[in-house]
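Contents: one structure, followed by commentary.
Remember, predicted model here, so these are calculated numbers, not experimental data. Quick note: residue numbers are just sequence positions, from 1.
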Amino acid sequence: MAVAPGARIEVRDAEWLVKRVDRTSTGGQALSVIGISELVRDKDAIFLTEIENKIDILDPRDTKLVTDDSSAYQASLLYMESLLRRKPPTDQNLYIGHKAAMDPVPYQLDPAIQALQQPRQRILIADAVGLGKTLAAGILLSELIRRGKGKRILVLAVKSMLTQFQKEMWSRFTIPLVRLDSVGIQRIRSRIPTNQNPFFYYDRSIISIDTLKQDTEYRTYLENAYWDIIVIDEAHNVAERGNASSQRAKLANLLSERSDTLIMLSATPHDGKARSFASLMNMLDPTAIANPEKYGPEDIKGLYIRRFKKDIQHQVEMAFKEREIRVAHCDASPLEESAFDGFIKIQFSELDQKRGPGQLFKITLEKALFSSPAACLKTIANRINRLEKDETSRFAKDIQTLRTFADAIAAIDSDDFSKYQKLLDVITDQKNGFGWTPNDSHDRIVIFTERIETLNFLKKNLIRDLNLKEKQVAILYGGMSDIEQQQVVEDFGKDESPIRLMVASDVASEGINLHYLSHRMIHFDIPWSLMVFQQRNGRIDRYGQTETPQIVYLVTRSEVERIRGDMRILELLIQKDNETVKNIGDPAEFMGVYDIDEEEKKTADAIEQGLTPEEFQAFAANHEESPESILFGDDEPPTGQMTEIAKQDMPSLFKDDFDYVASAIGYLRHFGRVQADLYPDEKRIDIAPNDELKSRFRFHPREIWPDDGFFVLSADKSTIQEEIKRSRKDEKAWPQIHYLWELNPVVDWINDKLQAAFRRHEAPVLEMPSVLQDGETIFLMSGLIPNRKSHPLVHRWFGVCFQNGQPAMVKPFEMILDKTGLGTTSFPNEKRVIDVDRIKALMPEAIDKAREWMQLRRLEFESGIRGKLDDHMNALDRLRKKQHQQLELQFEESRQHEKIILSQKAQKGRRIDGIFNAYRQWIKDTMSTEDNPYIQVIAVFKGN
């Protein structure tokens, strides 16, 4: 028995509407339903086909035809519209994502267009920093939810990003993600039995991957849960590095098998190493790459999309302001010069004599010295502690050298710390600096440093020297808890928050939005990696920034020649970052290693060797061909050329979402089922949730629940965008006005209420004498052909037309709309007695014609898909052969014992076959239709 969403079934002597169908692990089906008949009306339930003794799909021939007594057939129109809104798109076009509460630009729609063209929606969105990857993900998520493929969603994000991502998804797309931070997890554990899987409690949730990896208990839960969609933000963090798999990578690999759809987001998707990037591609499609050390664009085509600001600049002239970059030089104080001179003269007797895989300690010390005296002293103290643990006296001389140098550093207080004094000038100077005061809540400054000691030094001294209060300076670093990190980020973007300065380590350089109330950034430490430049600057220089980003780099000038030369290398990095952002798009092109640690090592090597900036430039440029072109090819990236063609509208009987919901509320109010106030001029509706709605929202984030007891919905996008801005001034920092559109859970609830407007297996009859001829009858039908997984592949509305009792033809729904004017023409309901028995006599033939018509649509679909299906199967056969050939090559030169080789080869061969067999079966189950269309009689239209 094939049951598809939309079917009406009878179970336990009650009628239910099937909202979702899932396969169980034992091969049966789990039917998620909502009650329609009186005793179970509006109740949610799940029926398992293997357990229930009797599940009957209602025969359309038994449909009861009833008259509609409502004025202008309002009940029928609303009932039909509620069914239309549950009709999922089955093609590759965009129907909803571009209508979200945002100002979409064409390039942001490309990832959804590309993903929907693939058999499985598995994609890496690898656009550069600040181009709106979260919005692109939300667009794709919306399309999948509208298609019935997004009931269960899991999002993995870095700790500091949880609230930001969660709020963006709700504010703009009304996708409710429950935040499972440390507090959220404890909340769940207190509500559910100890042995219950917490991932079954909420259908849509967001959690930090570090939270998951730290709790071994979660691995079992993950292995026994399944989602429709998994999103991994900052996905470069889950790539495999070297030959070892990190806990993050292992966890991501596990999750990649727990969902049909996988969406990855990363501005820095590769580290220049083919194997590392291949690990991400293999999570998306384990059949794509045979040799992770050697593959090209043709192997990963369709799995990623990558654009830089230069690619899309013409689309967003007003959305991106050109950066103002300035280097603020500061002359070293006498005490600093003395310390610099002492540093150059340091000669260790034992330290650095035998160089290991890491950099020399003297380079580590210099990097700390360039940060602050506090950071340098901490580095010295840590090394002395380690050396003193050695029981011999071999490090005694080096310990004394470090103590002597520490005395010179300790003499540098804040007055003699030239870079700090320059920082004060940059912040306060009215002529040559920012001329900043703490009075303007929209003028907040971000200060970046790499060292925690420097961070703490800056907070303490800035409070004193700028006469600030403790709460006006926030710090953000990796050692803070997830709750603390989220709170700081949240407060920094809130108008009413007292925070004016944020001093951050590079934990804040990844993903988070700091541009709402800030357009000024100061690099207190100059990064030794251009990828860090890119990440840091992207916090304020990003899509939606309304002010010109002002970025200042603090650089100390010294008379000590070696120090002066090393600083010139760091200044070259500043120059290269600015040049490459303007001309190339990816600053990592300069060194060609595409990994922060490797870039820092390359810079450290240049400083260690005492290279000039010119020599460093040649040294940095000495690398192989760019991985960008090797991995991604030289084809121009998509930049929105197809968006206008792809955007489509689903048919509707109402002018827009507001018109539909307002009409529905007007109708439901007569039955006491909803309490609401309507404000048509504002396109706003205030709804008081009843017990049913409250019950639904108990599994949604608490933050979206209204403070005053009313859900305020607006269909006006500009109102929502203003509310998003306004909410940053609010203590709660969540919008109190929610977007009124198809995906809003309140609208979904209204759909359910309207579908229960007619009783079990009923269809209304509407008289339309003004548009239909005498003796003309049209049966409005819905025909659905599912795949083997019960997901709709072909879903059509159409009319079976009769003239004087004789079948005339079958017409698509669009033609029925044109003929009748349904939804645009008002039909007076004269409430005459209708001979429904006469119409009922036509029902069997109407059903037969409907089945015949749907069979033709099935043949059309299979004819169109057959070529693609064959191509997929042939491609899989080629890829399987390629992977087995690579397996042979892998063991050719092995010196292991023959039995071991044969055992390992057989094991890996079975794994390859298992992956390909599973994928072939998935394609068959997904693309093959069931030869049993589900027919539903929606309504009947008749003339006199």
Side-chain angles (χ1 to χ4, degrees), residues 2 4 21 23 27 88-93 111-124 143-144 147-149 256-257 259-262 278 281-291 295-305 633 635 638 642 645-646 783-796 852-887 909-933:
V21 180
R23 289 282 182 185
T90 53
D91 58 23
Q92 301 169 355
N93 292 313
I113 293 171
Q114 179 173 309
L116 292 172
Q117 291 171 346
Q118 306 300 322
R120 292 194 295 180
Q121 285 69 57
R122 297 172 80 88
I123 188 171
L124 166 66
E143 292 293 337
L144 293 169
R147 286 161 167 78
K149 297 180 178 179
S256 71
E257 299 170 358
S259 173
D260 272 353
T261 298
L262 178 61
M281 295 295 99
N282 282 331
M283 290 180 206
L284 294 170
D285 183 358
T287 70
I289 296 174
N291 183 357
Y295 55 94
E298 68 284 353
D299 296 308
I300 56 176
K301 191 176 179 65
L303 292 178
Y304 70 91
I305 190 166
D635 293 342
M642 294 296 294
I645 300 172
L784 187 151
I785 297 175
N787 61 16
R788 293 177 183 176
K789 300 170 78 174
S790 294
H791 297 152
L793 286 184
V794 182
H795 196 172
R796 303 288 177 82
E852 289 173 13
W853 193 80
M854 284 303 296
Q855 290 290 2
L856 291 175
R857 305 292 77 77
R858 176 175 180 260
L859 292 174
E860 286 175 2
F861 174 82
E862 293 205 330
S863 174
I865 206 71
R866 191 174 296 117
K868 289 184 180 179
L869 197 56
D870 290 343
D871 288 344
H872 282 309
M873 293 304 184
N874 291 335
L876 284 176
D877 288 340
R878 288 195 301 272
L879 288 168
R880 186 203 297 253
K881 185 177 179 182
K882 197 173 176 182
Q883 292 208 13
H884 276 290
Q885 288 172 344
Q886 183 60 36
L887 186 62
R910 285 193 298 272
R911 184 176 181 276
I912 290 171
D913 289 337
I915 289 170
F916 278 88
N917 290 338
Y919 195 14
R920 285 180 70 93
Q921 189 60 47
W922 183 90
I923 288 178
K924 286 180 180 178
D925 289 344
T926 304
M927 310 294 278
S928 300
T929 59
E930 290 287 336
D931 187 14
N932 184 25

- Task: Report the residues that fulfil salt bridge (Lys or Arg N to Asp or Glu O under 4.0 Å) with R920, sequence neighbours left out, ordered by chain and then residue number.
- Result: D877
- Query: For the atom pair CG (L144) and OG1 (T261), what is the distance rounded to the nearest 0.5 Å?
  - Reply: 5.0 Å
- Query: Any sub-3.5 Å donor-acceptor pair from D299's side-chain atoms to G296's backbone N or O?
  - Reply: yes
Review item, side-chain donor-acceptor pairs of residues 115-122, under 3.5 Å, at least two apart:
{"from": "Q121", "atom 1": "NE2", "to": "A115", "atom 2": "O", "distance (Å)": "3.3"}
{"from": "Q121", "atom 1": "NE2", "to": "Q118", "atom 2": "O", "distance (Å)": "3.1"}
{"from": "R122", "atom 1": "NE", "to": "L284", "atom 2": "O", "distance (Å)": "2.6"}
{"from": "R122", "atom 1": "NH1", "to": "S259", "atom 2": "O", "distance (Å)": "2.8"}
{"from": "R122", "atom 1": "NH1", "to": "D260", "atom 2": "O", "distance (Å)": "3.0"}
{"from": "R122", "atom 1": "NH2", "to": "S256", "atom 2": "O", "distance (Å)": "2.8"}
{"from": "R122", "atom 1": "NH2", "to": "M283", "atom 2": "O", "distance (Å)": "2.8"}

- Looking only at heavy atoms, what is the nearest atom pair of E862 and T929, with distance? OE2-OG1, 2.5 Å
- Note on the structure: Taking every heavy atom of P111 against every heavy atom of I123, the minimum-distance pair comes out as O-CD1, 3.7 Å
- Side chains of L869 and I923: does their closest heavy-atom pair fall under 4.5 Å? yes
- Message: Can you list everything that forms a salt bridge (Lys or Arg N to Asp or Glu O under 4.0 Å) with K868? Sequence neighbours excluded, please.
- Response: none
- Interatomic spacing from CG in D870 to NE2 in H872 - rounded to 0.5 Å: 10.5 Å
- Message: With a 3.5 Å distance limit and no angle check, can you tell me whether Y295 reaches the backbone of A278 through a side-chain donor-acceptor pair?
- Response: yes
- Take N917 and R880 through the side chain to side chain contact (heavy atoms under 4.5 Å, CB included) test and state the conclusion after the steps. CA-CA 10 Å; N917 290 338; R880 186 203 297 253; 2.8 Å; yes
- Interatomic distance, OG1@T90 vs NE2@H795, rounded to 0.5 Å, equals 8.5 Å
- Electrostatic pair E860-R857, nearest N-O below 4.0 angstrom: yes
- Message: Please find the pair of heavy atoms, one from I113 and one from A646, that lie closest to each other, and give the distance.
- Response: CD1-CB, 3.8 Å
- Query: Do I785 and F861 have side chains that get closer than 4.5 Å, going by heavy atoms?
  - Reply: no
- Could you grab the distance from atom OH of Y919 to atom CE of M873, nearest 0.5 Å is fine? 9.5 Å
- CE of M854 to CG of L784, rounded to nearest 0.5 Å, is 7.0 Å
- With a 4.5 Å heavy-atom cut-off, do M281 and L124 have their side chains touching? yes
- Query: With a 4.5 Å limit on heavy-atom distance, are the side chains of R858 and Q855 in contact?
  - Reply: yes
- With a 4.5 Å limit on heavy-atom distance, are the side chains of Q114 and L303 in contact? no
- Going through the distances and angles, do K882 and I289 end up as a side chain to side chain contact (heavy atoms under 4.5 Å, CB included)? CA-CA 9 Å; K882 197 173 176 182; I289 296 174; over 6 Å; no
- Item | Atom pair CH2/CZ of W853 and R796 - distance to nearest 0.5 Å | 5.5 Å
